[in-house]
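Note sheet for the following structure.
Every heavy atom of this structure was used, including side-chain atoms; hydrogens, water molecules and symmetry mates were not.
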Amino acid sequence: MSGKKAAALPRKAYEKELLRLQTELVKLQEWVRASGTRLVIVFEGRDAAGKGGTIKRVAEHLNPRVARIAALPKPTERERTQWYFQRYVEHLPAAGEIVLFDRSWYNRAGVEHVMGFCTKEEHQLFLRQCPIFERMLAEDGVLLRKYWFSVSDTEQQERFRRRLEDPLRRWKLSPMDLESITHWEAYSRAKDEMMVHTDITEAPWYVVESDDKRRARLNMIAHLLSSVPYHEVPPPVLELPERPASTGYERSPRDLRTYVADHAASLGSREQ
């Protein structure tokens, strides 16, 4: 990335703005549901670029029946024989739904191409068909937003190092992730070629600078909200009913049930 690195965003300012944006995301969700809109958000970028953390913040307060995350595993032997886009199509939203693709059909333009998991012919076919596929989605009324998270090589390596040392995040690393370090330039060339073919008017790419994860999350969410013509949908009027009078029910004795041990009770004594 070029340009002077911005100062770190203070946590307090970040959390305040994140909450405001997440409140707007709930409004967006309700508009999608009420209007029958189909919204697809594609998250792409290098390993450790911050896609997963951003997806987590986007979906954190949304209804999973409306907004779901699609993170597909590697294809089965049967899926390998299908039209490449076929297994992604079944995960596309119906009316009133949002789908967040944690990596998407663009696997073929990146890791599959660079690591030799597809042939050159399959890669070229993808680059020809992808714009057609996405134009079909747009023509059918699907709102498609594509975000590329851009991280520098030094920041990516530092994030890999922190993951290796953190037992809670060690699972995020795979041998394939670490191998991407030695293929940095190959991934860069693949990304550039992908952009040339698939940065189309109907579904342009939006690049998110992500060396600063907090800025990346706020910038991506703010852009998404600004790009969709949603409006606040008045919620239904709900009233808490009065609890009815008892009809004589008595709770069964505790010794007839097996209760979870009160582990939390031991925490107070540890503090003393």
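Ion pairing of E193 with R189 is absent here, as no side-chain N (NZ or NE/NH1/NH2) approaches a carboxylate O to less than 4.0 Å. For R20 and E17, the salt-bridge test passes: some basic side-chain N is under 4.0 Å from an acidic carboxylate O. Contact check on E97 versus R68 returns a salt bridge, with a Lys/Arg side-chain nitrogen under 4.0 Å from an Asp/Glu carboxylate oxygen.
The backbone N or O of A8 lies less than 3.5 Å from no partner atom in the side chain of D212, so there is not a single donor-acceptor pair. R103 places a side-chain N or O within 3.5 Å of a backbone atom of G45 that can act as its donor or acceptor partner. When atom types are taken as modelled, the side chain of K146 and the backbone of A203 share a donor-acceptor pair closer than 3.5 angstrom. Between the side chain of Y88 and the backbone N or O of S104 there is at least one donor-acceptor pair closer than 3.5 Å. Listed for the Q29 side chain is a donor-acceptor partner under 3.5 Å among the backbone atoms of N63.
Closest heavy-atom contact between L9 and R214: O-NH1, 2.7 Å. Nearest heavy-atom pair across S210 and A49 is OG-O, 2.8 Å. Residues I200 and P131 come closest through the heavy atom pair CD1-O, 3.8 Å. What you find for A94 and R38 is that their closest heavy atoms are O-CG, 3.2 Å. Residues V111 and F117 share a closest heavy-atom pair of O-CD1, 4.1 Å. Between P234 and E232 the shortest heavy-atom distance is CD-O, 3.8 Å.
No side-chain heavy atom of Y230 sits under 4.5 Å from any side-chain heavy atom of V32. Side-chain contact check for E112 versus H123: every heavy-atom pair is 4.5 Å or farther apart. Proximity of L39 to P93: side-chain heavy atoms (C-beta onward) are nowhere separated by under 4.5 Å. You'll find the side chain of T37 reaches within 4.5 Å of the side chain of L143, heavy atoms only. Between T198 and M194, some side-chain heavy-atom pair lies under the 4.5 Å cut-off. H183 has its side chain within reach of M115: a pair of non-hydrogen atoms, C-beta onward, lies under 4.5 Å apart. Contact of the Q82 side chain with the R87 side chain is registered, since non-hydrogen atoms from C-beta on lie closer than 4.5 Å. Proximity of S150 to K191: side-chain heavy atoms (C-beta onward) are nowhere separated by under 4.5 Å.
Taking CG of L218 as the reference point, atom CZ of R215 lies at 9.0 Å (rounded to 0.5 Å). In this structure, NZ on K213 lies 11.0 Å from CG on D211, to the nearest 0.5 angstrom. Taking CG of L164 as the start and CZ of R162 as the end, the distance is 11.5 Å to the nearest 0.5 Å. Distance check: R163 CZ to L173 CG gives 6.0 Å after rounding to the nearest 0.5 Å. Rounding to the nearest 0.5 Å gives a distance of 12.0 Å between CZ of R108 and CD of Q124. Taking SG of C130 as the start and OH of Y84 as the end, the distance is 9.0 Å to the nearest 0.5 Å.
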Criterion side chain to side chain contact (heavy atoms under 4.5 Å, CB included) on W171 and D166, from CA distance to verdict | CA-CA 9 Å; W171 63 269; D166 186 347; over 6 Å; no

Side chain to side chain contact (heavy atoms under 4.5 Å, CB included) assessment of L62 paired with L28 = CA-CA 10 Å; L62 301 184; L28 170 65; over 6 Å; no

Would you please test W31 and V228 for side chain to side chain contact (heavy atoms under 4.5 Å, CB included) and show each step?
-> CA-CA 10 Å; W31 173 80; V228 179; 3.5 Å; yes

L25 vs L224, side chain to side chain contact (heavy atoms under 4.5 Å, CB included): CA-CA, chis, key distance, verdict | CA-CA 9 Å; L25 283 171; L224 172 66; 4.1 Å; yes

E60 and R57: salt bridge (charged side-chain N to carboxylate O under 4.0 Å, His left out), yes or no, with the steps?
-> CA-CA 5 Å; E60 188 171 8; R57 272 67 181 188; 5.1 Å; no

Could you go step by step and tell me if W148 and Y106 meet the ring pair (Phe, Tyr, Trp, His ring centres under 6.0 Å) rule?
-> CA-CA 11 Å; W148 177 269; Y106 282 99; 8.6 Å; no

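Screening F85, W83, W105 for a ring pair (Phe, Tyr, Trp, His ring centres under 6.0 Å) with F126, the sole residue that qualifies is F85. With R159 as the partner, the side-chain hydrogen bond (donor to acceptor under 3.5 Å, both in side chains) test is satisfied by one option alone out of Q157, Q156, E155: E155.
Surrounding CE of M136 are at most 12 heavy atoms belonging to other residues, nucleotides or ligands under 6.0 Å away. With a 6.0 Å radius and a threshold of 12 heavy atoms from other residues, nucleotides or ligands, K16 has its NZ atom at or below the threshold. E185 CD: 12 or fewer foreign heavy atoms inside a 6.0 Å radius. Summarising the local packing, CZ of R65 is surrounded by 12 or fewer heavy atoms from other residues, nucleotides or ligands at distances under 6.0 Å.
Hydrophobic clustering keeps M195 apart from F149 (ILVMFWY residues linked when any side-chain heavy atoms are closer than 4.5 Å, directly or through intermediates). V66 and V142 end up in different hydrophobic clusters when Ile, Leu, Val, Met, Phe, Trp and Tyr side chains are linked at under 4.5 Å. Residue W205 is grouped with residue L127 when hydrophobic side chains (ILVMFWY) are merged at heavy-atom distances under 4.5 angstrom, including chains of intermediate members. Two different hydrophobic clusters hold I98 and L144 under the rule that ILVMFWY side chains link at heavy-atom gaps under 4.5 Å. Residues L18 and I55 are members of one and the same hydrophobic cluster, defined by side-chain heavy-atom contacts under 4.5 angstrom among Ile, Leu, Val, Met, Phe, Trp and Tyr.
Under a cutoff of 6.0 Å and an axis angle of 45°, R145 and Y206 do not form a cation-pi pair.
Side-chain atoms of D177 and S180 form no donor-acceptor pair, as typed in the model, at a separation below 3.5 Å. Between the side chains of T201 and R135, no donor-acceptor pair of N or O atoms lies under 3.5 Å.
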